[in-house]
Protein chains: 2
Amino acid sequence: MSNKKQHPSALHEKPGISPPEIISSIAVAHIKKFRKIQPSPKELVEGILAGNITALSRAITLVESTNSDHLAKANEVINACLAHANKSIRIGITGVPGVGKSTFIEAFGKYLTSLGKKVAVLAVDPSSTISHGSILGDKTRMEELVKDENAFIRPSASGETLGGVARKTRETITLCEACGFDTIIIETVGVGQSETAVHSMVDFFLLLKISGAGDELQGIKRGIMEMADAIVINKADGDNIRKANLAKVEFNRALHLFPAKKSGWIPITSTCSAITHEGISAVWKTIEQFLELTKVNHYFFEKRKEQNQYWMLETINEQLKLNFYNHPEINQLLDSTKKAVQNDEISPFAAAQLLLETYFKF
Amino acid sequence: MSNKKQHPSALHEKPGISPPEIISSIAVAHIKKFRKIQPSPKELVEGILAGNITALSRAITLVESTNSDHLAKANEVINACLAHANKSIRIGITGVPGVGKSTFIEAFGKYLTSLGKKVAVLAVDPSSTISHGSILGDKTRMEELVKDENAFIRPSASGETLGGVARKTRETITLCEACGFDTIIIETVGVGQSETAVHSMVDFFLLLKISGAGDELQGIKRGIMEMADAIVINKADGDNIRKANLAKVEFNRALHLFPAKKSGWIPITSTCSAITHEGISAVWKTIEQFLELTKVNHYFFEKRKEQNQYWMLETINEQLKLNFYNHPEINQLLDSTKKAVQNDEISPFAAAQLLLETYFKF
């Protein structure tokens with residue numbers, strides 16, 4: 001082995017060439033410039049009223065933002081849209097996973113656009129508060145409808161609370177209506193709380209079911225059945241038709257156990273197939289009959305007024321709580337106070353009083 | 001006719017004797033003096049811990065007061081009692097009017113005192129928020145129990161909200177326990193919301209029923225059945241025994257449709273008669289079995305901790321709302337804002353924002 005002493009160190013490196021820019025400074029400048037041209041609320045409103053889908057999407061993004069600057073802008077856009085909204089029918093569709101909500105909405109939506117209607121499909125997805133969206137996230141499940149220029153599909157907003165998610169969907173309805181959509185479909189999964197939220201923003205509530213293997217009523221949440229204006233048994237095709245018809249009779253009997261609805265409407269049970277399209281047009285006919293009845297007896301308008309008020313009070317209650325629990329002093333005290341309460345060192349009421357006094361002092 | 005001119009006027013009155021004092025000034029002084037000797041929180045606590053019923057009643061009155069001075073005193077008393085409370089079993093009993101709640105509680109309570117237990121019977125009566133009390137108001141319906149020195153019966157507090165009424169009952173439980181009552185029975189009528197409130201303050205929830213004329217399940221609120229740890233069919237005497245047994249089988253089947261309970265307890269259905277006392281001791285045996293199971297698996301203690309936390313958060317939420325809606329500025333704006341929202345002049349969310357900004361400005 002012949003080591004040459006000339007080598008200064010084993011760690012010596014020859015001067016190399018400098019690496020190329022990973023991020024192009026030209027691109028950065030371009031993006032920054034592009035970012036600056038955020039449309040103003042006025043521009044968004046103009047776009048929405050002209051039926052511009054890009055403007056609609058951007059406004060919805062604004063509504064969904066948690067940035068407080070955006071909140072003021074979003075309220076400005078919504079208020080300007082209000083006078084142009086409200087000329088629609090809002091339909092809530094619920095059903096547990098597996099009943100074929102997406103295929104039903106695809107078939108139903110296509111039928112509506114074939115009648116010349118403009119259809120917006122939104123969602124209130126409670127799971128999105130945790131997993132950032134699942135239902136409607138996969139738009140490919142509605143591949144025909146998504147290509148239809150008279151249809152607009154938007155996945156569920158995400159948020160920290162179901163109330164927050166639902167609020168954003170409720171605001172999105174106003175924007176879609178101002179943009180010319182006359183039929184709004186709100187999808188949700190049949191798991192309980194989210195139905196109540198959806199029920200408080202729609203005119204007509206549709207429960208989607210499939211025929212089961214035996215006891216049709218087992219496991220149904222009565223509260224959800226009680227809200228339904230129609231129960232539609234999906235997948236009534238092929239060998240399933242007989243079973244679906246049996247299920248229809250059973251659900252119909254079950255519906256009659258509930259007290260009469262304030263709307264004067266008697267809930268209807270029917271069967272349909274999202275594959276053969278059998279029974280799809282009948283669902284729309286049912287909704288038309290509902291509209292006729294409830295617009296004549298004014299229930300339709302009264303309910304919308306009530307819903308508006310409900311959302312105002314709900315928003316207030318939610319914000320009051322958020323403000324309290326996000327208060328730095330409360331934040332600091334809450335955990336130790338909870339523990340003291342759990343261990344019976346202080347009564348729940350005295351603890352509440354203590355926290356409230358701290359909060360109101362500031 | 002001879003009119004005598006001497007008469008000065010037809011309206012003339014002879015000077016009479018002055019009327020006696022309606023309110024005796026001596027009595028007034030006596031009452032005022034008596035009023036001044038309101039026992040201090042410390043005295044009340046001493047009385048309660050010594051098992052003094054007068055002190056207990058006075059402390060409950062303090063808890064039920066809406067006077068803000070009393071609130072601080074009440075919290076002081078309750079906090080001092082906390083360390084001596086909690087050694088009890090809390091039983092919720094619900095059932096629609098007509099199932100014989102009072103006679104059942106009378107028979108059950110007498111059985112418990114015969115075992116050497118000290119029984120307190122309280123109530124959460126939602127109607128008391130409107131009509132100032134109905135259930136338990138008529139103590140004569142429990143004429144045996146009311147004379148029993150090991151029993152204490154207190155009608156429902158009244159208040160503006162169900163939450164408020166329930167809170168006061170929850171605080172009263174602590175006082176009764178510190179006073180030595182080891183079995184607390186909370187009665188409520190089977191109308192919905194109040195059950196949830198009662199459920200969140202008891203260890204064991206008992207649904208009282210009677211056998212009906214046909215369809216046993218019709219009209220039962222599923223939510224209430226879901227909460228029940230036991231369903232007891234009352235009035236199982238005379239000709240009713242067969243029907244009661246049939247009802248028992250039906251309810252038992254219905255209970256099995258519900259998902260398993262977190263407590264690990266399988267709800268039990270039984271029959272009883274408050275008149276023949278048949279089945280009354282079995283109810284207590286069921287509760288003892290429940291206690292054994294849930295104390296071993298720690299559910300009993302975990303649930304109480306959860307309940308404490310629930311009441312803290314509930315009290316906070318209620319107070320936040322009260323503070324908001326009682327704010328003079330909000331009070332003044334609320335009606336007109338509600339109207340504007342109903343008529344679509346402003347979005348529910350912008351309206352909420354407006355009110356919240358007004359509120360937080362002060």
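Just so you know, these numbers use all the heavy atoms, side chains as well, and skip hydrogens, waters and symmetry mates. The sequence lines fix the lettering, A, B, ..., with proteins before strands; numbering per chain opens at 1.
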Side-chain donor-acceptor contact under 3.5 Å, A:Asn86 with B:Asp344: yes

If only side-chain N and O atoms count, and only distance matters, is there a donor-acceptor pair under 3.5 Å linking B:Glu329 with B:Thr358? no

Contact origin within [X] toward chain B - heavy atom pairs under 4.5 Å:
{"X": "A:Leu313", "value": "both"}
{"X": "A:Gln309", "value": "both"}
{"X": "A:Leu356", "value": "side chain"}
{"X": "A:Tyr325", "value": "side chain"}

How are the rings of A:His327 and A:Tyr359 set relative to one another: parallel (under 30°), tilted (30 to 60°) or perpendicular (over 60°)? perpendicular

Backbone N/O of A:Pro348 and side chain of B:Asn308: donor-acceptor pair under 3.5 Å: no

Side chain of B:Ser65, backbone of B:Thr61: donor and acceptor closer than 3.5 Å? no

For the candidates [options], which exhibits the highest count of non-hydrogen atom pairs separated by less than 4.5 Å from chain A?
{"options": "B:Ile78, B:Asn79, B:Leu71, B:Thr315", "answer": "B:Asn79"}
{"options": "B:Phe349, B:Phe324, B:Trp311, B:Phe301", "answer": "B:Phe349"}
{"options": "B:Glu345, B:Gln319, B:Met312", "answer": "B:Met312"}
{"options": "B:Arg304, B:Lys321, B:Glu314, B:Arg170", "answer": "B:Lys321"}

Pair count under 4.5 Å, heavy atoms only, with chain B: among A:Leu355, A:Asn343, A:Asn323, highest is A:Asn323

Separation of B:Cys81 SG from B:Leu175 CG (nearest 0.5 Å): 5.0 Å

At a 4.5 Å cut-off on heavy atoms, which part of B:Ser347 comes close to chain A: side chain, backbone, both, or neither? both

Between A:Glu357 and A:Lys361, does the salt bridge (charged side-chain N to carboxylate O under 4.0 Å, His left out) criterion hold? Intermediate values first, please. CA-CA 6 Å; A:Glu357 274 163 23; A:Lys361 212 168 60 196; over 6 Å; no

